[in-house]
2 protein chains.
Amino acid sequence: MRPTTKDLAKAAGVSLATVDRVLNKRSGVREETVNAVNEAIQKIGFVRNQNAANLARGRNYRFEFLLPETGDDFLATVIGRIKEARTALRLDEINVSYRCALPNNPHRAAEILAGVSPEDSDGVAIMAPESPQLRDATTRLVERGVQVVHFISGQPDLRPVDFVGVDNNAAGATAGRLLGRFLAPRTGKIVVVSETMNSLDSVERRLGFDKVLSRDFPNLTPLPSLETFGDPERTSRVVRTSYENHADIVGAYILGSEARLAIEAIRKATDPALQVIIAHERTRYTETMLRERVLDAVIAQNPGHLVRSAIRLLKARCDQRQPLVSQEQIRIEILIEDNLDLR
Amino acid sequence: MRPTTKDLAKAAGVSLATVDRVLNKRSGVREETVNAVNEAIQKIGFVRNQNAANLARGRNYRFEFLLPETGDDFLATVIGRIKEARTALRLDEINVSYRCALPNNPHRAAEILAGVSPEDSDGVAIMAPESPQLRDATTRLVERGVQVVHFISGQPDLRPVDFVGVDNNAAGATAGRLLGRFLAPRTGKIVVVSETMNSLDSVERRLGFDKVLSRDFPNLTPLPSLETFGDPERTSRVVRTSYENHADIVGAYILGSEARLAIEAIRKATDPALQVIIAHERTRYTETMLRERVLDAVIAQNPGHLVRSAIRLLKARCDQRQPLVSQEQIRIEILIEDNLDLR
DNA sequence: TATTACTTGAGGTACGTACATCAGAGCAAG
DNA sequence: CTTGCTCTGATGTACGTACCTCAAGTAATA
């Protein structure tokens, strides 16, 4: 059997009350005694039964996803998974909620974060582009005792806050290699379309993409990134101009998580069957495009996994437990028409 | 707050004792009263607090993985993940164990299953090729009150036993399409190597592979499957003979989860850099081969996910809960050198 | 020495559920 | 009316932990 607090009390030679004081960091215990208890914890391998503790405490976890104010199909999918997790986890006394509240403006986004208090939330998952303002706001949030993970976009290596998402550099490299291999041995230019290049995510993808192309596929020349800014007409125009100016465009890489605008512009400008086109994120739209062979591959991250991983990390932090690292690594998925359907 | 058994008693107009009798299916309650309680459960949306119940009952779950007697690198990886899950889940009173016990012979494997009793195990995950003997043994296991899932290999649509693994037909199709696209526009023959074609898994992969090639890549002709039977010399010989007999072999598809023998044979017979080679399952060996560009892609299923999914399904069955379907779908992963490293 | 502060132990109640025991109600058969 | 049976309620203990109160101990200070 697993040792209980009683066993611990016996092993440490103190009473249950003292064990309780130490475990829950209450005051009024000599340092010496604290050490004795901690040593006993090591010695007998005591681990608190979190379920029993939560039961006694009547605890429930409140986790909130702070998402961008406006979003695309991918965000909608993420929200769907959040709702799913919400219903599934209610039985475990975990309340999951979300708010599409974060504006693009980093100052105003930071203000939203400033409004989050440990009274309302045990932890938040923040989906927002990296910025100094957000970084500061995050630090203050953590100081106030709210657990934080950065979600999908943001700074990967900003400890002690965890990052849930993929390495965008590697994602871009993956896209680059597939494009190169699908196109070989053809020669030509590659259109690169992004919603905006103002986000670190896009920049990193582009860097990874370019690196692979320049090193391993010198026959392919990526053009400067076209930005859509979410505007259909602008997108149509810049994409058409590109195809008009370069007769030897053989493929396209769509950087952002909103592929629709770019793809529709490309379809208007040229015959997609003669191009190799790669986009990011699985949505109903990209699925359809894969099936219709407009898209040749989609580089994706699993939204359900992202959501559950964020929640597990937040809970692990609340419980002061180590998460199972291998479970929380988000994979860069490659989707083609044949591995789209799940059993 | 979630309704408790007390709330349920009040709502049903009975005592706590009666509620307990109904919930735990004890005898001595009029059918009428049972119905009244069940209606109240629906009405107030009562769901048993499984943690509290387990605490009171002193319950712990015992799940066992029944694996093949002998195995390859992939099986070793799976075992590693089982051990990982074992340590992680001990805190949740879930005891995970494994036994490399199932021989190839279906009769003897069935005997092993016959030896599993609900006294020792709450649930087992069985990794064994589909056979009538095993199917019967599984049915009897379930009747004895042991939860069962089929693990990685076996029959996908054999209800009410769950299957944890990928659709091998789709996995083969995925391999076929990648091979075809990586090779385009070349023309030639494809070597197909398998450990044995006696397993349904291999057959299904081959079917999916052939279907894609014949429909979408008529320029590529897959050769009849070569079987290694785990014998290095035999493998060397048959592969070399293939390459000698067919000057126009441009690629290879390695069906099984043990790629080493086939790859080494191919390296001896020809220059792998001029071939497109696709194999299954991520192991340290296939990772290395991807990095060295001997392999062009690996079709894989995530062993950690497989293991955890099997455990979650078994636990859900024990608790008579519905699992979260979207979480338990095992994806067909495509690995290339760029999406190999995880953050 | 008396007073005070700090440390510790002993014991209780609670969380939501399981499980056991006993008492009483209702009812039918003798 | 008694006996025996079935159904139900009341009550208690337990699981492992949290949190509270009170008493008693020790040591330092006035």
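Given the structure is predicted, the values throughout are model-derived calculations rather than measurements. Letters go in sequence order (proteins before strands), and every chain restarts at 1.
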message: Considering every strand and a 4.0 Å limit on heavy-atom distances, what is the contact class for Gly28(B): base, sugar-phosphate, or nothing?
response: base

- prompt: If every non-hydrogen atom of Arg62(A) is compared with every non-hydrogen atom of Pro118(A), which pair is closest and at what distance?
  reply: NH2-O, 3.5 Å

Hey, what are the protein-to-nucleotides 19-26 of chain C N/O distances that come in under 3.5 Å?
| residue | atom | partner | partner atom | Å |
| --- | --- | --- | --- | --- |
| dC19(C) | OP2 | Arg26(B) | NH1 | 3.1 |
| dC19(C) | OP2 | Arg26(B) | NH2 | 3.3 |

- line: Result for 5'-nearest mapping on DNA chain D, choosing between Gly58(B) and Thr33(B), is Thr33(B)

- prompt: Under a criterion of less than 4.0 angstrom to any heavy atom of chain B, what are the 5'-terminal and 3'-terminal contacting nucleotides of DNA chain D?
  reply: dC7(D) to dG16(D)

- request: For the pair Arg2(B) and Glu93(A), find out whether any cationic side-chain nitrogen is under 4.0 Å from an anionic carboxylate oxygen.
  value: yes

Result of checking Ile330(B), Val164(B), Leu306(B), Val166(B) against Ile152(B) for side-chain contact (heavy atoms from CB on, under 4.5 Å): Leu306(B)

field: For the student: nearest non-hydrogen atoms of Leu89(B) and Val96(B), plus distance
entry: CD1-CG2, 4.2 Å

task: Answer yes when Glu84(A) and Arg81(A) have at least one side-chain N-carboxylate O distance shorter than 4.0 Å, and no when they do not.
output: yes

- line: For Arg57(A), the salt bridge (charged side-chain N to carboxylate O under 4.0 Å, His left out) test, sequence neighbours excluded, returns none

- prompt: Between Asp92(B) and Tyr61(B), is any side-chain donor less than 3.5 angstrom from a side-chain acceptor?
  reply: no

message: For Thr4(B) and Arg30(A), find the nucleotide of DNA chain C closest to each by heavy atoms; which residue's nucleotide sits nearer the 5' end?
response: Arg30(A)

- prompt: Taking 4.0 angstrom as the limit, do Asp122(A) and Arg317(A) come out as a salt bridge?
  reply: no

- line: Lys25(B) atom NZ is separated from dT17(C) atom P, nearest whole Å, by 16 Å

field: Residues Asp167(B) and Arg331(B) bridged, charged N to O under 4.0 Å
entry: no

statement: Closest heavy-atom pair, Leu134(A) versus Pro129(A), reported as atoms and distance to 0.1 Å, is CD2-O, 4.0 Å

message: Which label fits His305(B) and His305(A): parallel for a plane angle under 30°, tilted from 30 to 60°, or perpendicular past 60°?
response: tilted

End axis versus end axis in the helix from dT1(C)-dA30(D) to dG30(C)-dC1(D), the angle rounded to 10°, five pairs used at each terminus: 60°

query: Is NZ or CZ of Arg48(A) both nearer than 6.0 Å to the six-membered ring centre of Phe46(A) and within 45° of the ring axis?
result: no

message: Does anything in residues 9-20 of chain B form a salt bridge (Lys or Arg N to Asp or Glu O under 4.0 Å)? List the pairs, not counting sequence neighbours.
response: Asp20(B)-Arg26(B)

- request: Mind calculating the distance between NZ (Lys6(B)) and P (dA18(C)) to the nearest angstrom?
  value: 14 Å

Neighbours of DNA chain D within residues 48-56 of chain A, by heavy-atom distance under 4.0 Å: Arg48(A), Asn49(A), Ala52(A), Ala53(A), Ala56(A)

